[in-house]
Amino acid sequence: MARKTTRPEKVDIKVAHAAAPMRETLAVRALGRASEIADQPPLISLCAATFAAGLILRNGRLARAGGRMLAAELLATKFKDLIKNEVDRTRPSVLANGGRYEAEQGDDHRSAMSSFPSGHTAGAVAVARAYAREYPEHAAPAYAAAASIGAIQIPRCKHYPTDIGAGVIVGLVAETFIHLTEQLIRHGLGPPRAAG
């Protein structure tokens with residue numbers, strides 16, 4: 001017996017059909033190309049370059065930001081991959097091309113079946129949050145960039161709204177884990193307390 005489509009999935013499908021005509025517009029294509037900075041290879045390179053620049057310039061703040069960004073991106077990618085390896089879900093582009101919606105537990109690694117969650121969103125959110133911890137004065141533009149990267153995936157027909165939401169959660173969980181780990185290490189390796 002086929003699994004029943006849930007209410008959030010029905011909303012996702014409606015949004016995907018409504019967004020499909022926008023995917024070939026010049027604006028969506030241009031913004032989509034720009035959002036590829038959040039794909040794993042370029043985002044990892046950006047984080048590593050930030051870390052290296054901090055070291056070369058002897059800028060501890062920049063080096064800390066780059067190191068946190070890199071660690072958060074790598075962990076977000078790992079979490080995202082673990083979920084994608086357990087969930088098969090057709091991308092909205094399949095629907096836009098006349099295919100049918102499918103979602104089930106499985107391990108189909110084809111791109112067309114790996115919509116959930118959004119890796120671009122997970123990485124962008126993790127990196128933005130890690131950067132904002134060191135540079136809170138730049139938090140608003142960092143978060144705006146991450147939100148834009150996630151949002152454009154919908155008219156691109158790459159992801160459904162719930163894929164984006166799950167990507168946000170994955171990114172926040174990964175960055176929080178890195179932050180808490182750093183805090184534990186910092187406090188655990190602090191100067192020894194004086195006796196008595």
What residues form a side chain to side chain donor-acceptor pair (under 3.5 Å) with Arg156, not counting sequence neighbours?
-> Ser35, Glu36, Gln153
Which donor-acceptor pairs under 3.5 Å do the side chains of residues 167-175 make with protein atoms, sequence neighbours left out?
from: Glu175; atom 1: OE1; to: Arg133; atom 2: NE; distance (Å): 3.2
from: Glu175; atom 1: OE1; to: Arg133; atom 2: NH2; distance (Å): 3.0
from: Glu175; atom 1: OE2; to: Arg133; atom 2: NE; distance (Å): 2.6

Please check if atom [atom1] in [X] has more than 12 non-hydrogen atoms from other residues, nucleotides or ligands closer than 6.0 Å.
{"X": "Gln105", "atom1": "CD", "answer": "no"}
{"X": "Arg7", "atom1": "CZ", "answer": "no"}
{"X": "Leu180", "atom1": "CG", "answer": "yes"}
{"X": "Phe177", "atom1": "CZ", "answer": "no"}

Measure the [atom1]-[atom2] distance between [X] and [Y] for me, rounded to the nearest 0.5 Å.
{"X": "Asp163", "Y": "Thr121", "atom1": "CG", "atom2": "OG1", "value": "8.5 Å"}
{"X": "Ser114", "Y": "Ile83", "atom1": "OG", "atom2": "CD1", "value": "13.0 Å"}
{"X": "Ile178", "Y": "Arg129", "atom1": "CD1", "atom2": "CZ", "value": "13.5 Å"}
{"X": "Arg58", "Y": "Leu55", "atom1": "CZ", "atom2": "CG", "value": "10.0 Å"}

For Asp39 and His120, what are the C-alpha separation, side-chain angles and deciding distance, and is it a side chain to side chain contact (heavy atoms under 4.5 Å, CB included)?
-> CA-CA 5 Å; Asp39 197 12; His120 283 60; 3.8 Å; yes
Identify the two heavy atoms, one from [X] and one from [Y], that lie closest to each other, and give their separation to 0.1 Å.
{"X": "Leu82", "Y": "Glu86", "value": "O-CG, 3.5 Å"}
{"X": "Ile152", "Y": "Pro155", "value": "O-CD, 3.3 Å"}
{"X": "Ala124", "Y": "Ala146", "value": "O-CB, 3.6 Å"}
{"X": "Cys47", "Y": "Val127", "value": "SG-CG2, 3.7 Å"}
{"X": "Ala103", "Y": "Glu9", "value": "CB-OE2, 3.4 Å"}

Salt bridge or not for Arg110 and Glu102, using N-O below 4.0 Å?
-> no
Are the side chain of Lys84 and the backbone of Pro117 linked by a donor-acceptor contact shorter than 3.5 Å?
-> yes
If you look only at distance, which donor and acceptor atoms sit under 3.5 Å apart when one is on a side chain in residues 64-81 and the other is two or more places apart or in another chain?
from: Arg64; atom 1: NE; to: Glu134; atom 2: OE1; distance (Å): 3.4
from: Arg64; atom 1: NE; to: Glu134; atom 2: OE2; distance (Å): 3.4
from: Arg64; atom 1: NH1; to: Gly60; atom 2: O; distance (Å): 3.4
from: Arg64; atom 1: NH2; to: Glu134; atom 2: OE2; distance (Å): 3.0
from: Arg68; atom 1: NE; to: Glu182; atom 2: OE1; distance (Å): 2.7
from: Arg68; atom 1: NE; to: Glu182; atom 2: OE2; distance (Å): 3.1
from: Arg68; atom 1: NH1; to: Glu134; atom 2: OE1; distance (Å): 2.3
from: Arg68; atom 1: NH2; to: Glu182; atom 2: OE1; distance (Å): 3.4
from: Arg68; atom 1: NH2; to: Glu182; atom 2: OE2; distance (Å): 2.8
from: Glu73; atom 1: OE2; to: Thr77; atom 2: OG1; distance (Å): 3.0
from: Thr77; atom 1: OG1; to: Glu73; atom 2: O; distance (Å): 3.0

Could you tell me whether the side chain of [Y] reaches within less than 4.5 Å of the side chain of [X], counting heavy atoms only?
{"X": "Ser148", "Y": "Leu31", "result": "no"}
{"X": "Thr90", "Y": "Met113", "result": "yes"}
{"X": "Arg100", "Y": "Val94", "result": "no"}

Can you give me every donor-acceptor pair (side chain of residues 12-22, partner residue at least two apart or in another chain, under 3.5 Å) with its distance?
from: Asp12; atom 1: OD1; to: Thr162; atom 2: N; distance (Å): 3.3
from: Asp12; atom 1: OD2; to: Arg89; atom 2: NH2; distance (Å): 2.7
from: Asp12; atom 1: OD2; to: Thr162; atom 2: OG1; distance (Å): 2.3

In chain order, what residues pass the ring-ring contact (aromatic ring centres under 6.0 Å, His included) check against Tyr135, with sequence neighbours excluded?
-> Tyr131
With sequence neighbours excluded, residues passing ring-ring contact (aromatic ring centres under 6.0 Å, His included) with Tyr101 = Tyr160
Audit row: Arg91, Cys157, side chain to side chain contact (heavy atoms under 4.5 Å, CB included) steps and yes/no = CA-CA 7 Å; Arg91 289 190 186 266; Cys157 291; over 6 Å; no
